[in-house]
Every structure is written in structure tokens, then in C-alpha cells.
Enquirer: 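Below is the structure I would like to discuss, written out as C-alpha cells.
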Number of protein chains: 2
Amino acid sequence: MDAERQTSETPGAHTGGQLPLYKEVKRLLTQSLAEGEWLPGVALPSETRLGERYRVSIGTLRKAIDELVAERILLRHQGRGTFVASHDARRTLFHFFHIVPAGGGKEQPETELLSFDRAKADADAAARLDIRQGAPVFRIRNLLRLAGKPVVLDVITLPAARFPKLSEKVFRERDTTIYQLYQERYGINVVRSAERLSAALADRTSAKLLGIPAGSPLLRIKRTALTYHNVPVELRESLVNTAEHEYFSDLGKT
Amino acid sequence: MDAERQTSETPGAHTGGQLPLYKEVKRLLTQSLAEGEWLPGVALPSETRLGERYRVSIGTLRKAIDELVAERILLRHQGRGTFVASHDARRTLFHFFHIVPAGGGKEQPETELLSFDRAKADADAAARLDIRQGAPVFRIRNLLRLAGKPVVLDVITLPAARFPKLSEKVFRERDTTIYQLYQERYGINVVRSAERLSAALADRTSAKLLGIPAGSPLLRIKRTALTYHNVPVELRESLVNTAEHEYFSDLGKT
DNA sequence: TAGTGGTCTAGACCACGTG
DNA sequence: ACGTGGTCTAGACCACTAC
């Protein structure tokens, strides 16, 4: 792999360091991804070539890629190549939008921008975004409709430092998903999210926007979206009217 | 692997069938697990021995086990062996109990049995448990306390056919987790769960049990618990007071 | 010391997608 | 026909655990 590791002459004896070689390769691959060497949607060099680049056997290289594929950071297509996962509408829907009709199936939400503001990070947001308290953030509120009916109210918090020159205009005129916007305009690829759920009652404002009586029960979702190396890039608090929809969670799924 | 597959003499040419060899090995391993050949907590034969048993190379055998480990059905311990995942209190807490204090940390819940009844499966339960409508089921209601305070109200539905001679006494006298009970008494090992969440309002009964005002918002969790081969074995509907707790969901976590 | 899983390598062949 | 990922094998050595 590197000079220190290459001292041994016998094959299969490369465990000199404490970190397995394939983990190191994975780290280097992730780093290249984070630096934008391979952009979302494009194919990586072939496994043979990557093996040569990192001076590891193809088996070791594959093991590194295996893990990135398991984390849905890379996608393999037999006969075509290995690709950087890209935020098309389908991926966002399947991996980051967990609201489904109670009956089953899955539909693409339509988004309506309600407001766009600048603000300062409070203590909680700062901690979760790993920025300092009081740092400038953008606050975006959206209303999401499913089958034409309002179902979700989103409040998004973005660290302004990572999204230079973001404006209401950009948000209003986009015709892509929000994660596609981050990706295309800022090179930020959201690869994972962690969510905490609770129940709440609709206040007057939320109720009116969602077209339900005040005091109706709502599902509250607090999400942290992460990019490569588990760096947080977005906070989102969603209020969901679960009268006709549900949040679907299936861990351990193969 | 089998006669048909062994016709080829050259190594590395075993892809005669449509299913990869390691998938077939995985299926056979899962089958042995489901049949109780290796019980929860015990070590499987060594990889070398299993490779001989299924007449595959150790690499292929390991790839089959890799997937079962990723699904948390097996556990590997370097130097000790590969073990069947077992429902001790810790595993249940970490992999099947997603309620955490809003502040963080994780605590073991105490369970109080509220009622134990026989009933007939309605259409929905029958469909989810893959049994016929009207088939006999057990219905168990539990109150779960965290740090001494009531937080969760559980209604469990079990297909009676899979749990012969289950009685209130058994449930009342257990000093283990419920999934340990299934495991030890019925040889049923819950390995995965799928959950659907929504928000609801506390009715009078629930409110009284949880010590909150009627009309308080509650998180409703509908869980299907599955054993090997994704066979459903338990339904559970939980009502959670999320005033001081949250449901934690982290898909895609490595 | 012996046995187990963990890592790494090298090479052959198969299946798929593209031209 | 060619290049890509997918499967399978065989063997060497390392790291950990138990005795």
C-alpha cells in the first residue's frame, strides 16, 4: 500500500499496521469521493486499475468497495462499472423519504417553499451541525404534498458556511430534489441520515397549513443528514400528518 | 456443492446453476439454524469444517457467513468461533428496543403484565402473520416502565399455533425478556423486525395507564417481528409517551 | 501449543453490457 | 470481441482465545 507496508516480501503478510489494508483503501476511496475526484453518477476506474493504484490485490480492493456498496455510497453494475451514488429523485425517495401511504406503495412528494431566512444557530443546532453557537444558518420551511394533499411540514437548517450564496431564488426555482441541489450546486453528497421521532400536537399555524384541526396528533421527525466521513450537513425537523400515511422503518434489511 | 455442481473438474467454474454457490450455502446454514441444529448462543463448527461439510472453499463459506453476520443472525469472535445470535437482555435492548431518553443513553425497561387473552385473528393480523383469518391468537398487554415511570403500552399478538400451551402464568413468572421467552420455550429466534410509525392521541384508558392527560400525543409503533427466512412470528402495537423519550432510527449505519 | 476467525494474495472462469 | 464486475478456489500468514 505504502512504503512502510511494502517492506514485507511475502504475500499475505501485510498486517504490519493496526488498521487492515482494506479499511485503509476504503478510507482513501472515501477521501477521494469527499474531495470530488469522482462526482456523483460517474463510474470509478475499474477494479483492476484501482488495485494497481493502491497497490493491493483485487480481492482487497473489492472488500473495500463491498463496504462502500453496503453503505449505499457506491453502486455496482455488472458489466458496466462501479458508480458514485447520485441523488436522482428515485434514490432520495427510496433511501431518505420514509413516509408511505398507509395502504402501501410510495409516491413522489411535491414541495412548496414557504419561507427562506437567515438565522443564528442555537446551542442544539450548533452541536448537531458541529459548528459554533451563533454561527449563521439558513432556515427553510417547506410544505410537502402527497397525491395533492399537504402531509409534511419541513423546517430545514443549513450551516451558511457550507452553502455560500444560497438564496430563496435558488430554492424557489429548483426543479430537482433538495439533495440534488446540495449535490449539484455545492458538491455535497448526502449519504446517510439519523432520525429521532416523537409525537406532537398540531399548533394553529401547522394545522392550518396541513388542513387539519389544531390539536391533531402529528409525527415529529428530527433528522441529521450526513455526508462522507459522517460529517453533518443538514438538520431537518418534519411534522407529519399520519392520518393516511406512516413512517416506515426496516433496519437489518438485506 | 452437490452432485450436479461437482461435475466440473476445473476450480472456479461452479456457476452452473443460477444461484451463486455462497447464496446456496447461506440458505443451507439458515435452514440448519431454523431447524435448531445450532441453538442460540452456541458456536457453529469451524469455518474449515463447514467448508468441508458443504464442499466449498473457505472463501465461499466465509462469504455466506459474512451475510449472516451482517444481518446479525450470526456473531463472529476472533479466536473463539462463530456463534448463533442469542436474545440476552443486551441484544434485545440494542437491536429491538428503539426508545431512548431524549437526553441520550439507553436503559432497560421493566415490564408489567396487564392482561393475557385468547382471541381470533382479524383480517389485518392474519395477513401480517401469514395465518388464516379467525385463527386463534394470544393477545398480551404490557406496560413498560423506564426509570420507574410508565412510558410504553404494548399489545402483542401471537399466533397460537406457534406457541402451544402458552399461558398467563408463563408470562407472569418469566424473569427474562419476551424474545428470550420465545427462544427458550419455543425455539423461536426473532432475528429482524419491520416497523411502521404514526401519531395518535391518548384515549382515557391509555392515558390513565401512562399517567398523562387524555388527548396527549402518543407515538404508535406497529411492529412485525420475523424469524429465519423472514417468517413473521409476532405483531406488536406500542403506544409511547414521547414527552421525555424518542424513537431512534439509524439506517445505513455500519 | 493448538485452534479459531481475519487478512491478503493470485489466478481462473462466468455473466453481463456495449460496441 | 472486449471490458466490467461476480464467483470460486487455494494457500500463506496474522491475531486472538483458550488450555
Side-chain angles (χ1 to χ4, degrees), chain A residues 1-2 4-29 38 42-70 74-85, chain B residues 1-2 4-29 38 42-70 74-85:
Chain A
M1 234 339 312
D2 54 25
E4 196 243 39
R5 280 184 182 279
Q6 285 296 321
T7 49
S8 167
E9 299 243 329
T10 57
H14 284 297
T15 327
Q18 52 274 60
L19 203 67
L21 192 45
Y22 76 92
K23 289 280 188 187
E24 175 67 6
V25 173
K26 182 186 174 188
R27 200 185 59 76
L28 292 169
L29 287 168
W38 306 300
V42 313
L44 267 61
S46 74
E47 298 182 341
T48 312
R49 232 179 295 271
L50 286 172
E52 289 165 359
R53 165 164 168 176
Y54 299 119
R55 302 192 183 273
V56 298
S57 77
I58 197 162
T60 300
L61 190 276
R62 276 185 66 82
K63 192 158 181 179
I65 291 188
D66 280 346
E67 293 203 349
L68 293 168
V69 169
L74 296 179
L75 302 172
R76 284 205 265 232
H77 292 292
Q78 190 174 19
R80 293 209 288 139
T82 302
F83 298 79
V84 184
Chain B
M1 211 21 283
D2 54 24
E4 196 243 39
R5 281 183 181 280
Q6 285 297 321
T7 49
S8 169
E9 299 241 331
T10 56
H14 284 298
T15 327
Q18 52 275 60
L19 201 66
L21 192 44
Y22 76 91
K23 289 280 188 190
E24 175 67 6
V25 172
K26 181 186 174 189
R27 201 185 59 76
L28 292 169
L29 286 168
W38 307 301
V42 311
L44 266 61
S46 75
E47 297 181 341
T48 312
R49 231 180 296 271
L50 285 172
E52 289 165 358
R53 165 165 168 176
Y54 298 118
R55 302 192 182 272
V56 298
S57 76
I58 197 161
T60 301
L61 189 276
R62 277 184 66 81
K63 191 157 181 181
I65 291 188
D66 280 346
E67 293 203 349
L68 292 169
V69 169
L74 296 179
L75 303 172
R76 283 205 264 232
H77 293 293
Q78 189 174 16
R80 295 208 288 136
T82 302
F83 298 80
V84 184

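Note that this is a predicted model, so its numbers are computed, not measured. Convention: sequence-line order gives letters A, B, ...; per-chain numbering from 1.
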Enquirer: Could you check how far CG of A/Leu19 sits from P of D/dA15, rounded to whole Å?
Expert: 13 Å
Enquirer: Report the nucleotide, chosen from C/dT7, D/dC8, D/dT4, that has the shortest atom-to-atom distance to any side-chain atom of B/Ser57.
Expert: D/dC8
Enquirer: Between atom CD in A/Glu52 and atom P in C/dG11, what is the gap in whole Å?
Expert: 13 Å
Enquirer: Side chain of A/Pro20 only, please: which of D/dT4, C/dC8, C/dT4 is the nearest?
Expert: C/dC8
Enquirer: Between C/dT9, D/dT9, D/dT7, spot the one nearest the side chain of A/Leu21, thanks.
Expert: C/dT9
Enquirer: Distance check needed: D/dT7 P versus B/Leu61 CG, whole Å only.
Expert: 16 Å
Enquirer: Please determine, for the side chain of B/Arg62, which listed nucleotide (D/dC8, C/dT4, C/dG5) has the closest atom?
Expert: C/dG5
Enquirer: Between A/Lys63 and C/dC8, does any side-chain N or O lie under 4.0 Å from OP1 or OP2?
Expert: no
Enquirer: Going by side-chain hydrogen bond (donor to acceptor under 3.5 Å, both in side chains), name the residues that satisfy it together with A/Arg80, two or more places apart in sequence or in a different chain.
Expert: none
Enquirer: Quick one: is A/Thr60 getting a side-chain N or O under 4.0 Å of the C/dT9 phosphate, OP1 or OP2?
Expert: yes
Enquirer: Figure out the NZ/P separation between A/Lys23 and C/dG6, and round it to whole Å.
Expert: 12 Å
Enquirer: For B/Glu52, check side-chain contact (heavy atoms from CB on, under 4.5 Å) against everything at least two apart and list the hits.
Expert: B/Thr48, B/Arg49
Enquirer: Of all the nucleotides listed (C/dT7, C/dC8, C/dG5), which has the minimum atom distance to the side chain of B/Ser46?
Expert: C/dG5
Enquirer: List the residues meeting side-chain contact (heavy atoms from CB on, under 4.5 Å) with A/Thr60, not counting sequence neighbours, and say none if there are none.
Expert: A/Leu21, A/Tyr22, A/Val56, A/Ser57
Enquirer: Which is more 5' along DNA chain C, the nucleotide nearest B/Glu47 or the one nearest A/Ile58? Just name the residue.
Expert: B/Glu47
Enquirer: Residues two or more places apart in sequence or in another chain: which of them pass side-chain hydrogen bond (donor to acceptor under 3.5 Å, both in side chains) with B/Arg62?
Expert: B/Glu47
Enquirer: Kindly give the heavy-atom pair with the smallest separation between B/Gly51 and B/Leu61, and that separation in Å.
Expert: N-CG, 3.9 Å
Enquirer: Write down the distance between CD (A/Glu24) and C1' (C/dG6), rounded to a whole number of angstrom.
Expert: 17 Å
Enquirer: Could you check how far CG of B/Leu50 sits from C1' of D/dT9, rounded to whole Å?
Expert: 17 Å
Enquirer: Is there a side-chain contact between B/Leu50 and B/Ile65 in this structure, where contact means two heavy atoms from C-beta onward sitting under 4.5 Å apart?
Expert: yes
Enquirer: In Å and rounded to the nearest 0.5 Å, what is the CG to CD distance from B/Leu29 to B/Glu24?
Expert: 10.0 Å
Enquirer: Give a yes/no answer on whether the side chain of A/Arg49 brings an N or O atom under 4.0 Å of OP1 or OP2 in D/dG3.
Expert: no
Enquirer: Could you give the CG-to-C1' distance, from A/Asp66 to C/dC8, as a whole number of Å?
Expert: 14 Å
Enquirer: Heavy-atom contacts under 4.0 Å between residues 75-82 of chain A and DNA chain D, which residues?
Expert: A/Arg76, A/His77, A/Gln78, A/Gly79, A/Gly81, A/Thr82
Enquirer: Roughly, in whole Å, what's the span from CG in A/Leu68 to P in D/dG5?
Expert: 14 Å
